[in-house]
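Okay, structure first, notes after.
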Amino acid sequence: MNKIVKTVLAIAAIAAAFAGGAYLGRASKSDMVITSSAGGAEYSGGFKAEGEAAEKVKAAANAGSLKSVAGAPGPHSVVVKDGESILQAVKNAEPGTTIRVMPGTYSETVYIDKDNIRIIGVIEAGRRPVLDGKKQLNDAILYSGNNFVVENLEIRNYKGNGVMGQAGNNFEIRNNVIVDTGVYGIFPQLGQNGVVEHNVVSGIADAAIYVGMSDNVHVAHNEVFDSVAGIEIENSRHAIVENNYVHDNSGGLLAFVTPGLPIKTTQDVIFRHNFVVNNNTKNFGAPGSTVAGIPSGTGVLVMAADDVVIEGNVISGNKVAGVIVTDHGHAANITVDPESEPNSDRVRLLDNVMLNNGYETIPEGKALLLAEGKGGKNLDIIRVGPSPGSCIVNRHQYVTAGVGDFGECDFTHTANVSTYLLPPVPPRRSTSASAARSRSSASAAAATSTTAA
Amino acid sequence: MPSRRRGDELSIRSARPLLLACLLVIAAVAAAVTVTRAGMHPATKAGDGFVLSGRCPPSFELMAGGTCELRDRYQFYDSLQGRGVGGTRTSLPPHRDGFRPQQIDLGRYLFFDPILSGDGTQSCGSCHRPDRGFADGKPRSIGVHGRDAGRAAPTLWNVAFLQSFLWDARASSLEAQAPGPLFSPREMGNEPARLLRSLNDNATYRRLFRQAFPGSGDTITEADVYTALAAFQTTLISLNSRYDRYAHGYAAALNEREIAGLNVFRSFVARCAECHTPPLFTNGQVAVIGAPEPAGHPFDVGAEKTFDAIKLRGGFKVPTLRNIARTAPYMHSGAFGTLRETVAFYNKGRGNAVPPGETLYLHWHISSPDLTATELGLLVDFLQTLTDEAFTPEIPQRVPSGLPPLDNPKESRT
């Protein structure tokens with residue numbers, strides 16, 4: 001379980017050599033920079049969607065209305081009752097169909113390989129439609145279609161995933177209760193523009209909510225607990241994770257680059273206003289899985305992800321540390337990838353509430369604290385491995401290790417960034433656009449062949 | 001005196017075609033019946049009979065500039081960051097095309113001409129045989145002089161879309177890969193000088209290269225050879241299997257069992273699609289999965305050597321599964337004879353074939369999925385739906401050297 005921070009000891013020895021000088025200076029009052037986050041500078045980085053439609057999305061997000069990215073519901077609608085099959089309804093459905101599922105128990109894998117399908121559970125006096133995999137079925141909902149919406153289901157006892165997307169764009173996964181569905185609870189993969197909100201996910205052997213290789217994703221108002229990882233943003237860009245209640249997992253919020261995947265970067269992630277509480281559950285991740293290396297007791301973990309903003313979270317009771325920032329070099333259980341940049345660049349730690357973290361930290365954390373003259377204290381924030389361009393606001397509030405070279409941040413909030421969502425992105429390019437693209441790759445090839453000739 | 005010696009060789013060579021021609025007429029008749037033809041190369045006989053086609057192969061469009069560009073239905077779709085991995089309706093990765101039809105057709109002659117090998121016994125097509133999914137049906141290829149090439153010949157279908165080549169990902173372009181088999185003593189056993197000499201000594205090749213590479217001067221160069229071979233290989237397009245028709249929206253293209261197999265394949269229990277990702281059925285990455293060597297063969301370090309990285313020890317490039325039903329035996333070492341055995345390997349547990357004493361950093365998606373026997377059967381059924389050989393190019397009946405285009409024409413045409 002200590003693998004990720006395994007070589008801290010070696011670093012600690014080096015740090016010890018520098019500690020004296022660096023921290024004498026820091027101790028003097030004149031070095032303490034106190035920043036008020038009320039009315040400070042706003043975030044100038046991050047994804048900027050442009051155009052009229054994008055402005056509408058932003059305005060809607062600011063107004064607090066539901067985040068719709070899948071477009072308006074289509075003209076058709078059918079009802080599936082207890083004893084019938086949701087899958088059969090999907091098979092019969094034209095694109096543009098809303099499938100209303102009545103309370104009852106459905107034991108099936110529902111795959112959706114067409115566009116514009118909505119599966120909407122009908123909750124009657126607290127009774128939801130239940131998809132029960134009986135620990136025999138692999139995945140509950142598996143979609144590759146675009147503009148897919150799934151709401152109000154209860155999903156239990158699958159072996160693979162609760163809801164899994166493979167390349168569908170403009171997805172909305174909302175108001176579902178997902179319990180013990182195997183490896184992931186909700187896992188949109190290789191999609192663009194999606195919302196995961198108001199779900200309650202628990203008992204998952206890897207990440208309860210796992211955004212993998214996806215762009216422009218909004219994860220909000222979910223409760224995730226009793227899982228190895230709470231919410232994981234991996235090899236993805238432009239993600240906002242806000243207002244979630246993330247408790248009693250082994251690790252709470254993660255922003256990772258996992259090497260060896262076809263999408264190489266994690267960039268531009270905002271973790272804000274989440275409750276990240278008591279993530280001390282014993283790590284029951286499968287041997288060899290990336291999350292198996294997370295020390296149980298981790299609040300927020302950033303590994304090799306760039307431009308991660310951590311703002312306004314309540315991070316409490318995580319026994320190893322509130323925030324760990326690290327790189328690939330310190331993670332023993334992951335592979336190498338010459339195309340993946342291993343460091344966490346430009347991590348921005350804005351104001352957060354940190355309480356009672358790091359009270360039972362790993363030996364390496366203790367050693368690093370000791371090296372910085374803070375032996376015996378409870379660790380809030382630890383950084384191991386290079387993290388160039390990173391910054392921290394009001395550092396004096398926390399017990400930190402390894403953030404001595406973090407600068408002050410040039411902004412104090414991201415209130416100006418309401419969403420990274422887009423108007424529905426077209427599932428298909430027009431023929432001319434794709435022809436143009438194919439031509440550009442052709443000319444590159446032609447160039448090579450003429451050079452070779 | 002070198003010039004006289006060369007003359008002698010020429011006269012010997014020119015005697016050969018006459019003799020072979022009779023045999024080849026018979027072979028050609030057989031071939032016309034049994035070999036799949038796309039009808040792309042109208043051979044208008046002229047002079048020595050070798051004419052380069054001015055037409056693009058099927059699925060390619062001839063552009064105003066005289067080059068061929070690929071057209072396929074996946075170009076209607078998008079993919080995340082343009083990487084060409086995802087689900088059913090996802091665009092393909094960037095590809096190579098834009099060669100002239102003459103370069104493609106010249107590449108076809110070269111590909112099937114044993115003149116490229118040191119002793120004139122092997123062409124590229126000997127190990128990448130059209131009738132075997134452009135693999136060779138052997139656990140490990142056999143080079144000239146009967147030497148074991150060490151690894152299995154991979155398919156060449158859809159190489160236009162690859163960014164790295166060979167099992168251990170050690171080549172980054174088709175042009176960079178080609179000298180490998182040509183000059184390896186375990187494969188074609190040639191030498192650069194000898195290769196260029198034999199091609200430049202051949203009047204037909206000199207004429208054809210001039211036609212294919214008008215700006216290139218009178219002497220055939222190594223670069224031209226590699227370009228022509230790449231031009232040909234990038235036309236081996238297989239994107240219209242029954243699976244593809246399903247993916248584009250024709251649900252009835254797959255039967256119930258095959259769809260169930262697709263769902264096992266892409267499920268997060270089997271996780272096949274995490275590495276063999278549609279639409280190409282490879283994500284183009286290197287993965288350590290711990291497949292065995294056949295008994296008596298030493299451990300193959302694979303990509304550890306390429307990247308000088310211990311964590312990639314035993315790592316191999318994820319192979320495409322298109323036309324997989326045609327390319328048994330399987331894996332870099334040909335360890336498994338059937339798809340069922342291959343699929344069963346993944347089900348025997350993480351690290352089940354790692355030799356004692358080896359420490360491998362197995363990929364995180366290599367798990368112990370505990371698939372049922374039924375599910376294994378469904379997977380195999382699904383893998384059979386990835387077959388599409390409609391654009392199999394025509395094997396030339398004769399090649400400019402006059403040598404037989406495939407080392408064992410009888411076997412290869414069954």
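Per chain, numbering begins at 1; letters A, B, ... match sequence-line order. Here the structure is a predicted model, which means the values were calculated and not measured.
For B/Glu61, no part lies near chain A; criterion is any non-hydrogen pair under 4.5 Å. Proximity to chain A (any heavy atom under 4.5 Å) is restricted, for B/Phe307, to the side chain, taken from C-beta onward. Heavy-atom distances place no part of A/Tyr158 under 4.5 Å from chain B, backbone and side chain included. Heavy atoms closer than 4.5 Å to chain B are found in the side chain of A/Thr258, but not in its backbone. Neither the backbone nor the side chain of A/Gln136 comes within less than 4.5 Å of any heavy atom in chain B. Looking at A/Pro259, the atoms closer than 4.5 Å to chain B (heavy atoms on both sides) all sit in the backbone: N, CA, C or O. Contacts between A/Tyr143 and chain B at a heavy-atom distance below 4.5 Å are absent for every atom of the residue. Neither the backbone nor the side chain of B/Ile310 comes within contact range of chain A; no heavy atoms are under 4.5 Å apart. Proximity to chain A is absent for every atom of B/Arg100, based on heavy atoms less than 4.5 angstrom apart. Residue A/Asp215 touches chain B through both its backbone and its side chain, counting heavy-atom pairs closer than 4.5 Å. Contact annotation for B/Thr90: only side-chain heavy atoms (C-beta onward) come within less than 4.5 Å of a heavy atom of chain A.
The minimum heavy-atom distance linking A/Gly194 with A/Val69 is given by the pair CA-CG2, 4.2 Å.
For B/Asn158 and B/Thr320, the side-chain atoms include no donor-acceptor pair closer than 3.5 Å. Looking only at atom types and distance, the side chain of A/Asp115 has no donor-acceptor partner in the side chain of A/Asn147 under 3.5 Å away.
Relative ring orientation between B/His95 and B/Phe161 is described as tilted, the plane-to-plane angle lying within the 30° to 60° band. Relative orientation of the A/Phe47 and A/His238 rings is tilted, given thresholds of 30° and 60° on the angle between their planes.
With rounding to the nearest 0.5 Å, the separation of CZ in A/Arg237 from CG in B/Leu80 is 6.5 Å.
Between chain B and the options A/Thr109, A/Asp337, A/Val336, heavy-atom pairs under 4.5 Å are most frequent for A/Val336. Taking A/Gly288, A/Ala167, A/Pro262 one by one and counting their heavy-atom pairs under 4.5 Å with chain B, the maximum is reached by A/Pro262. Highest contact tally toward chain A, considering only B/Val264, B/Asn263, B/Thr234, is held by B/Asn263 [criterion: heavy-atom pairs under 4.5 Å]. Heavy-atom pairs under 4.5 Å with chain B were tallied for A/Pro287, A/Gly168, A/Gly182, A/Ala286; the largest tally goes to A/Pro287.
Among B/Val318, B/Ile366, B/Ile289, the one residue that satisfies the side chain to side chain contact (heavy atoms under 4.5 Å, CB included) test with B/Cys275 is B/Val318.
Within 6.0 Å of NZ on A/Lys134 lie no more than 12 heavy atoms contributed by other residues, nucleotides or ligands.
At a threshold of 4.0 Å, the pair B/Arg266-B/Glu274 does not count as salt-bridged, since none of the basic side-chain nitrogens sits closer than that to a carboxylate oxygen.
For B/Asp72 (side chain) and B/Tyr74 (main-chain N/O), a donor-acceptor pair under 3.5 Å exists by modelled atom type.
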